[in-house]
Protein chains: 2
Amino acid sequence: MTGSEIDTEFQNDIGEFWQTTHSQIYPELKRMVADDWISFETTEQDKKKKWYYLQPLGESELQQWLKTPLTANTDEEFPLKLFFIQYRDDALLTNLLQQELALHQEKLIHLKQRLTTVFADEATKDNNYGHHLILKRAIERETNNLSWLTKTLARLN
Amino acid sequence: MTGSEIDTEFQNDIGEFWQTTHSQIYPELKRMVADDWISFETTEQDKKKKWYYLQPLGESELQQWLKTPLTANTDEEFPLKLFFIQYRDDALLTNLLQQELALHQEKLIHLKQRLTTVFADEATKDNNYGHHLILKRAIERETNNLSWLTKTLARLN
DNA sequence: ACGCCCATGTAAGGGGTTACATGATTGC
DNA sequence: GCAATCATGTAACCCCTTACATGGGCGT
């Protein structure tokens, strides 16, 4: 792809869950060329365009990263890794979903714990109603997330 | 509160949806003192502690910000504003929930639109399975979010 | 041929993170 | 009294955003 095409991807497909602009893309492409992750070529017609190609080292870096376990505290890592999985039968897919499931099970337990400790009595809730709503919403979201993950995992098998 | 107490809040209650560290807190407190949003005093015992107090200008800045309509593209603004609403009958609460509802209704429509345009045929889905899952998950999440918002709004009235 | 947009690039500024640093207080 | 940790503060670095900048292609 060209840098411009990548930029377009970030305004459409990828942009749904990861954002950047050409000001980051071009220097980053340059960096990756220097690191031998990718290479580029130009053609006779449209001499300004640079066509970038993934190099073996870049491919292995990508696979390495995909295999690295998900870290907590970054919700964006899961969709980003998921994006690079093309086929339904990729072993990494089940793996990723299970990792995400485990992380969010922990998260839900933590949130429920917070709810009982922070809002032990009714008065605390009444005097911090917004805060209470945030927690309730987070718990509902995680519950729904877990149900989606479980459902999706079941469908794969 | 003291800077240290604020730091602790960011590791507990606030930290659930907004993060920072003392390295940002102390300079920011300094800035707010300079802008007359807050003031501080020290006591005889524990001379190192600085007790900060909200000033009228800071209070009005806060209220001003709370009244400012939610902007799209920042999921963190809603919980943060919600946090500052203490009581169930605050008129801003219904207002906030309605704004968030409107924003996420738009978002859901957009996501459903994306799903049909990007994955028009079965082959595209089969060859970009991860990407497809991301979109399905986002749609489910937004659907759940809308249902929570609607439910919560109904309960308030 | 000329104006507009495409494709690429650079620069400046802001904010956040990590690491470094120091004096006061508390506990044994 | 001395060590640990509390409370405050600063510095360096990285990344992201916004703005500035330029030459090549395309349409009329």
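In what follows, chains are A, B, ... by sequence order, proteins preceding strands, each numbered from 1.
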I'd like to know whether Glu100(B) forms a side-chain hydrogen bond (donor to acceptor under 3.5 Å, both in side chains) with His104(B), so could you lay out the CA-CA distance, the side-chain angles of the two residues, the decisive distance to 0.1 Å, and finally the verdict.
CA-CA 6 Å; Glu100(B) 181 79 347; His104(B) 285 273; 2.8 Å; yes

Without decimals, in angstroms, what is the distance between Lys48(A) NZ and dT8(C) P?
8 Å

For Gln19(A) and for Gln45(A), find the nucleotide of DNA chain D with the closest heavy atom, then tell me which residue's nucleotide is more 5'.
Gln19(A)

Return yes if the base of dT10(C) and the side-chain atoms of Ser23(A) contain a donor-acceptor N/O pair under 3.5 Å, otherwise no.
yes

Evaluate Lys151(A) against Glu140(B) for salt bridge (charged side-chain N to carboxylate O under 4.0 Å, His left out), listing each step before the verdict.
CA-CA 12 Å; Lys151(A) 187 179 66 189; Glu140(B) 175 132 348; 3.0 Å; yes

Identify whether any heavy atom of Lys49(A) sits under 4.0 Å from a base atom; if not, whether one sits that close to sugar-phosphate; answer base, sugar-phosphate or nothing.
sugar-phosphate

Within this structure, what is the CE-to-P distance between Met32(B) and dG9(D), rounded to whole angstrom?
12 Å

OP1 or OP2 of dT8(C) versus the side-chain N and O atoms of Lys47(A): is any pair under 4.0 Å?
no

For atom CH2 of Trp51(A) and atom P of dC6(C), their distance in whole Å
15 Å

Please determine whether residues Leu93(B) and Leu149(B) belong to a single hydrophobic cluster, defined as Ile, Leu, Val, Met, Phe, Trp and Tyr linked transitively by side-chain heavy-atom distances below 4.5 Å.
yes

His132(A) and Tyr129(A) aromatic ring geometry - parallel, tilted or perpendicular at 30°/60° bounds
tilted

Distance in angstrom units between Arg31(A) CZ and dC15(D) C1', rounded
13 Å

How is Thr2(A) classified with respect to the nucleic acid when contacts are heavy atoms under 4.0 Å: base, sugar-phosphate, or nothing?
sugar-phosphate

Expressed as a whole number of angstroms, how long is the span from Phe10(B):CZ to dA7(D):P?
17 Å

Would you kindly confirm whether Ile109(B) and Val118(B) end up in one hydrophobic cluster when ILVMFWY residues are joined by side chain heavy atoms under 4.5 Å apart?
no

Need one value for Asp7(A): base, sugar-phosphate or nothing, where a base atom within 4.0 Å counts as base even if backbone is also close, heavy atoms only.
nothing

With a 4.0 Å cutoff (strictly under), does any side-chain N or O of Lys50(A) reach OP1 or OP2 of dG9(C)?
yes

When the distance from CE of Met1(A) to C1' of dC6(C) is rounded to whole Å, what number comes out?
16 Å

To the nearest angstrom, the OH-P distance between Tyr26(B) and dA11(D) comes to 17 Å

Specify the separation, in whole Å, of atom CD of Glu5(A) and atom P of dA7(C).
8 Å

